[in-house]
Participant: 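Got a structure for you, written out below as structure tokens; questions coming shortly.
This structure is a prediction, so every number in the text was calculated from the model and none was measured. Here is how names work: the chains are called A, B, and so on, in the same order as the sequence lines, proteins then strands, and each is numbered from 1.
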2 protein chains.
Amino acid sequence: MPRAVAGPEIERLIQLLARVPGLGPRSARRAALHLIKKREQLMSPLASAFEEVLGKISTCRVCGNIDVRDPCSICVDETRDPTLLVVVADVSDLWALERAGAINARYHVLGGTLSPLDGIGPEDLNLKTLIERAHDGTVKEVLLALGATVDGQTTAHYVTEMLRDSGVAVTRLAHGVPVGGELDYLDEGTLAAAIKARTSL
Amino acid sequence: MPRAVAGPEIERLIQLLARVPGLGPRSARRAALHLIKKREQLMSPLASAFEEVLGKISTCRVCGNIDVRDPCSICVDETRDPTLLVVVADVSDLWALERAGAINARYHVLGGTLSPLDGIGPEDLNLKTLIERAHDGTVKEVLLALGATVDGQTTAHYVTEMLRDSGVAVTRLAHGVPVGGELDYLDEGTLAAAIKARTSL
Ligand SMILES: [Zn+2]
Ligand SMILES: [Zn+2]
């Protein structure tokens, strides 16, 4: 336990900052000092941003996304294809897909993946509303944008079975070489999948 | 410019977090999402800590340290040796020395180092009060805990000259091998200094 270098208020600030992902105990001190020095330009606006988000944020009742409105900005966006539902494990995956700008659809956030080892079963995921949405008569395709991990694949398999009689098409992301990725860093499974799904030029 | 993935309030939060040292644009998104998910356990306490610090923080009129009281906790600490004054460039150096717990003295924070190239001259540093403190009749030694850089050494030289007639002893930190440091990563100057200042075992 390092010696306290300032009053308990500053030590408390450092301890809280150390719990922010990306900051460890060491960078938390540096961040605290920077925030204190730039208190008018940075700490004060950040405090306001926190208060604003804290006062408004909620989980979208339709899709499970997190936003300052409910239903969320994506669910009320009329320019998106209502027939395509992209299923993701976490809001961070939704953000990644939106940043990529690769698809203009609606989402469904499961809130995790099935993981028997961690005791996460179907009842822990946002699956009930997914069934309802898949049966709403508008949705024609459910794209499972889940990780190519054991838990991701287990979840994809479960959802596919769950939606078997719904009449909607269930698809998944393609496997292959990441854009900009070097071949010699890829595992055999990825290489085999990329070869199998090769396309004409 | 990546596409906005959420309402403007969350985008603003991400932009502000990206300006915190240790977090870049990428980790700022991850940090924002974590703070939103852990809003009761982390974002809300952090907002309170910000407000508390913002309401109380100030620069110590005696030493230039930053604290929630003025004079600061260190200046009013009667258990510290009042005859030894440790001069540092920045509050971060004071924090580093205090964390090390290597010295139980008072400090004087210059607020930077002399840097002709960056246009930082003596009038930009907290030097006037240093002269007053060195002449207060209590201080017997001024330890210059400044970096072994060109600017640090320029500043050390300037302060030494400034205090030449004060009657106080002016000292500096020893050069040498960092504890835990590998020899073959050290520059020749450090190695030469470490050899020159070698001690008996
Ligand atoms: Zn939504
Ligand atoms: Zn002070």
Participant: Quick one: closest heavy-atom pair of B/Ala156 and B/Leu144, and the distance?
Facilitator: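 It is O-CD1, 3.5 Å.
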Participant: Do you know the tightest heavy-atom contact between A/Gly147 and A/Gln153?
Facilitator: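 Result for this residue pair: O-NE2, 2.9 Å.
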Participant: Can you tell me how far apart CG (A/Leu23) and CG (A/Leu16) are? Round to the nearest 0.5 Å.
Facilitator: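 Nearest 0.5 Å value for the CG-CG distance: 11.5 Å.
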Participant: Using a heavy-atom cutoff of under 4.5 Å, enumerate the residues of residues 125-139 of chain B that contact chain A, numbered in order, or state 'none'.
Facilitator: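 So far as heavy atoms go, nothing in residues 125-139 of chain B approaches chain A to under 4.5 Å.
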Participant: Could you please spell out the steps behind the side-chain contact (heavy atoms from CB on, under 4.5 Å) verdict for A/Ile103 and A/Leu143?
Facilitator: CA-CA 11 Å; A/Ile103 197 159; A/Leu143 167 54; 3.9 Å; yes
Participant: Where on A/Gln41 is there a heavy atom nearer than 4.5 Å to chain B: the side chain, the backbone, both, or neither?
Facilitator: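 Both parts, backbone and side chain.
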Participant: Suppose a student defines contact as a heavy atom less than 4.5 Å from any heavy atom of chain A. Which residues in residues 109-119 of chain B would they list?
Facilitator: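 Counting heavy atoms that sit under 4.5 Å from chain A, no residue of residues 109-119 of chain B is involved.
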Participant: Please report the interatomic distance CD1(A/Ile36) to CD1(B/Ile66), rounded to the nearest 0.5 Å.
Facilitator: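 Those atoms lie 6.0 Å apart.
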Participant: Relative to chain A, which of B/Lys37, B/Arg19, B/Arg30, B/Arg26 shows the most heavy atom pairs under 4.5 Å?
Facilitator: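 Top count of heavy-atom pairs under 4.5 Å with chain A: B/Arg19.
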Participant: Could you state the interatomic distance from CG (A/Leu97) to CG (A/Asn104), rounded to the nearest 0.5 Å?
Facilitator: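 Taking CG in A/Leu97 and CG in A/Asn104, the distance rounds to 12.5 Å.
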Participant: Just verifying a value: how many Å separate B/Gln15 CD and B/Arg29 CZ, rounded to the nearest 0.5 Å?
Facilitator: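 Here the interatomic distance stands at 8.5 Å.
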Participant: Counting a contact as any heavy-atom pair under 4.5 Å apart, which residues of residues 84-92 of chain A contact chain B?
Facilitator: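 A/Asp90, A/Val91, A/Ser92, listed by number.
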Participant: Please report the interatomic distance CG(A/Asp81) to CD(A/Glu141), rounded to the nearest 0.5 Å.
Facilitator: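 These two atoms lie 8.5 Å from each other.
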Participant: Could you pull out the closest heavy-atom pair between A/Pro21 and B/Ala31, with the gap in Å?
Facilitator: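 It is O-CB, 3.9 Å.
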Participant: Count the heavy-atom pairs under 4.5 Å between each of A/Val20, A/Leu13, A/Leu42 and chain B, then report the option with the highest count.
Facilitator: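 Result: the option with the highest number of such pairs is A/Leu42.
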Participant: Hey, does the side chain of A/Asp93 reach the backbone of A/Leu146 with a donor-acceptor pair shorter than 3.5 angstrom?
Facilitator: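 Not confirmed, A/Asp93 side chain does not pair with A/Leu146 backbone.
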Participant: Under 4.0 Å between a Lys/Arg side-chain N and an Asp/Glu carboxylate O for B/Glu9 and B/Arg12?
Facilitator: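 Salt bridge: no.
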Participant: Hey, are the side chains of B/Leu33 and A/Trp95 touching, using non-hydrogen atoms and a 4.5 Å cut-off?
Facilitator: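 With C-beta onward as the side chain, the pair touches.
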Participant: With rounding to the nearest 0.5 angstrom, report the SG to CD1 distance, A/Cys60 to A/Ile74.
Facilitator: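 Between A/Cys60 SG and A/Ile74 CD1, I get 9.0 Å after rounding to 0.5 Å.
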Participant: State whether the side chain of A/Asp67 and the backbone N or O of A/Ser73 hold a donor-acceptor pair below 3.5 Å, judged by distance alone.
Facilitator: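 Side chain of A/Asp67 to backbone of A/Ser73, a donor-acceptor pair under 3.5 Å: yes, one is there.
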Participant: Please output the residues of residues 45-58 of chain A in contact with chain B, using a heavy-atom cutoff of under 4.5 Å, in numerical order.
Facilitator: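 Within residues 45-58 of chain A, the residues that come under 4.5 Å of chain B (heavy atoms only) are A/Pro45, A/Leu46, A/Ala47, A/Ala49, A/Phe50, A/Glu51, A/Glu52, A/Val53, A/Leu54, A/Lys56, A/Ile57, A/Ser58.
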Participant: Work out which heavy atom in B/Ala148 is nearest to a heavy atom in B/His175; give both atom names and the distance.
Facilitator: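 So the minimum-distance heavy-atom pair works out to CB-CE1, 3.6 Å.
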Participant: Quick check: closest heavy atoms across A/Arg39 and B/Thr59, and the distance to 0.1 Å?
Facilitator: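 Closest approach of A/Arg39 to B/Thr59: NH2-OG1, 4.4 Å.
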Participant: Identify the heavy atoms of B/Cys72 and B/Cys63 that sit nearest to each other, and give their distance.
Facilitator: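 Between these two residues, the closest heavy atoms are SG-SG, 3.7 Å.
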